[in-house]
Amino acid sequence: MADKFIDNGVEQTKGNPILAKMIWYFLQATNAPVGSKAVLPAAQTSGTLTIGGDSIDEQTKFGRVVLPSTNEDSIDLESYVVPGDKAIDIIKNAKHDGKQVKVWRVVVDDRVAETETDADGKAHKVFPADFGYGVVDELELDDGDDMVSASYTLNILDKLKTGTFPLTDEQIAALKDMYEFERPGETTGDFGPETDRHFNFLGFSLIWEPFYYVRKGAKNILITR
């Protein structure tokens, strides 16, 4: 018992929790050329980050000894399979060819966003992210009586590294919104899966599910079959 009374107080954080839908995972093949886009897996349904590892646990004459031993981080992802989704090919090819996969876990919440300045003095919004090189443990494609789903685990080499991931407001809006406002007669055709499209938008590759038809006069979006 200390002779001096000690009371250092307590800390508490109040506020709304981060929504799971604002955690985005991006992939990239390790053999992708420098300057390649990050790939956002289509129709993500869930993602799990596990920070694990073993410890040394021994009993001695004087009590229990527990020491840290290894890091065993992993990321589990689930999504529905959308035609043209590069993420599925990245995972499948990496597993078959014995290659690694680059993976980012990004917290896309403005409350944790920061600003970084480039060499030209231009400010950019960035979000906290974890990055790692992953080895595909297993890719499972479920061909049940519903939509085809994919699930896979990436076992991280060493441990995840902490950094930031740049995303502009325009990129976030394009990744979140399924379609934009339009005026009467501006487009033709149904909104739905019959018009599958692949989008390369401002440095990211993505597939929308369901997809929307081509907007006449759309800017900064390259649409290909």
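Numbers here simply count residues along the sequence, with the first being 1. Quantities reported herein were computed from a predicted structural model and do not represent experimental measurements.
- In this structure Ile51 satisfies the side chain to side chain contact (heavy atoms under 4.5 Å, CB included) test together with Leu49, Asp73, sequence neighbours excluded.
- The line from CG of Asn93 to OG1 of Thr30 is 10.5 Å long, rounded to the nearest 0.5 Å.
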Determine whether Phe127 and Ile172 satisfy the following criterion, side chain to side chain contact (heavy atoms under 4.5 Å, CB included), listing intermediate values before the conclusion.
CA-CA 11 Å; Phe127 296 88; Ile172 293 172; 3.6 Å; yes

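- Qualifying salt bridge (Lys or Arg N to Asp or Glu O under 4.0 Å) partners for Asp169, counting only residues two or more places apart in sequence or in other chains: Lys125.
- Evaluation of the side chain to side chain donor-acceptor pair (under 3.5 Å) rule for Lys161 yields Asp158 as partners, not counting sequence neighbours.
- One finds the CD1 atom of Ile91 at 11.0 Å from the OG atom of Ser151 (value rounded to the nearest 0.5 Å).
- Other members of the hydrophobic cluster containing Val65, listed by chain and number, are Ile56, Leu67; membership follows side-chain contacts under 4.5 Å among ILVMFWY residues, whether direct or relayed.
- Side-chain contact between Val106 and Met22: absent, with no pair of heavy atoms (C-beta onward) separated by less than 4.5 Å.
- The OG atom of Ser74 sits 7.5 Å away from atom CD1 of Ile156, with the distance rounded to the nearest 0.5 Å.
- In this structure, the side chains of Leu139 and Lys95 stay at 4.5 Å or more apart for every pair of heavy atoms.
- Residues meeting the side chain to side chain donor-acceptor pair (under 3.5 Å) test with Thr153, sequence neighbours left out: Asp76.
- Here the side chain of Lys99 pairs no donor or acceptor atom with the backbone of Asn31 at under 3.5 angstrom.
- Legend: residues meeting side chain to side chain donor-acceptor pair (under 3.5 Å) with Glu116, ordered by chain and number and at least two apart, are Thr164.
- To the nearest 0.5 angstrom, Glu78 atom CD is 11.0 Å from Tyr25 atom OH.
- Evaluation of the salt bridge (charged side-chain N to carboxylate O under 4.0 Å, His left out) test over residues 42-69, restricted to residues two or more places apart or in two chains, returns Asp57-Arg64.
- Counting all heavy atoms, side chain and backbone alike, Ala42 lies closest to Asp85 at N-OD2, 3.2 Å.
- By the side chain to side chain contact (heavy atoms under 4.5 Å, CB included) test, Val107 pairs with Ile18, Ile23, Arg105, Asp109, Val112, Pro128, sequence neighbours left out.
- Lys122 is linked by a side chain to side chain contact (heavy atoms under 4.5 Å, CB included) to Asp118, His124, counting only residues two or more places apart in sequence or in another chain.
- The shortest distance between side-chain heavy atoms of Tyr80 and Val148 does not fall below 4.5 Å.
- Between Thr115 and Ala123, the shortest heavy-atom distance links the atoms CG2-CB, 3.6 Å.
- Judged as a ring pair (Phe, Tyr, Trp, His ring centres under 6.0 Å), and not counting sequence neighbours, the contacts of Phe131 are Trp104, Tyr133.
- In this structure a side-chain-to-backbone donor-acceptor pair under 3.5 Å is present from Thr60 to Phe62.
- Every side chain to side chain contact (heavy atoms under 4.5 Å, CB included) that Asn71 has, sequence neighbours left out, goes to Lys159.
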Before you tell me yes or no, could you show the steps for Gln44 and Ser79 under side-chain hydrogen bond (donor to acceptor under 3.5 Å, both in side chains), namely the whole-Å CA-CA distance, both residues' side-chain angles and the distance that decides it to 0.1 Å?
CA-CA 4 Å; Gln44 291 182 33; Ser79 64; over 6 Å; no

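- The shortest heavy-atom contact between Ala43 and Val82 is CB-CG2, 4.2 Å.
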Step by step, would you call Val136 with Val101 a side chain to side chain contact (heavy atoms under 4.5 Å, CB included)?
CA-CA 8 Å; Val136 181; Val101 175; 4.1 Å; yes

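- Within the 3.5 Å criterion, the main-chain N or O of Val39 finds no donor-acceptor partner in the side chain of Gln28.
- A 4.5 Å side-chain heavy-atom check between Thr162 and Leu160 finds every atom pair outside the cut-off.
- In this structure, Ile88 and Ala150 approach most closely via the heavy-atom pair CD1-CB, 3.6 Å.
- In terms of heavy atoms, Leu77 sits closest to Gly47 at CD2-CA, 3.8 Å.
- Considering CD of Glu140 and CG of Asp137, their distance stands at 11.5 Å, rounded to 0.5 Å.
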Under the criterion side chain to side chain contact (heavy atoms under 4.5 Å, CB included), I'd like the reasoning laid out for Trp24 against Phe165: C-alpha separation, chi angles, the key distance, then a yes or no.
CA-CA 11 Å; Trp24 296 356; Phe165 195 98; over 6 Å; no

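- Looking only at side-chain heavy atoms (C-beta outward), Leu141 and Val81 come within less than 4.5 Å of each other.
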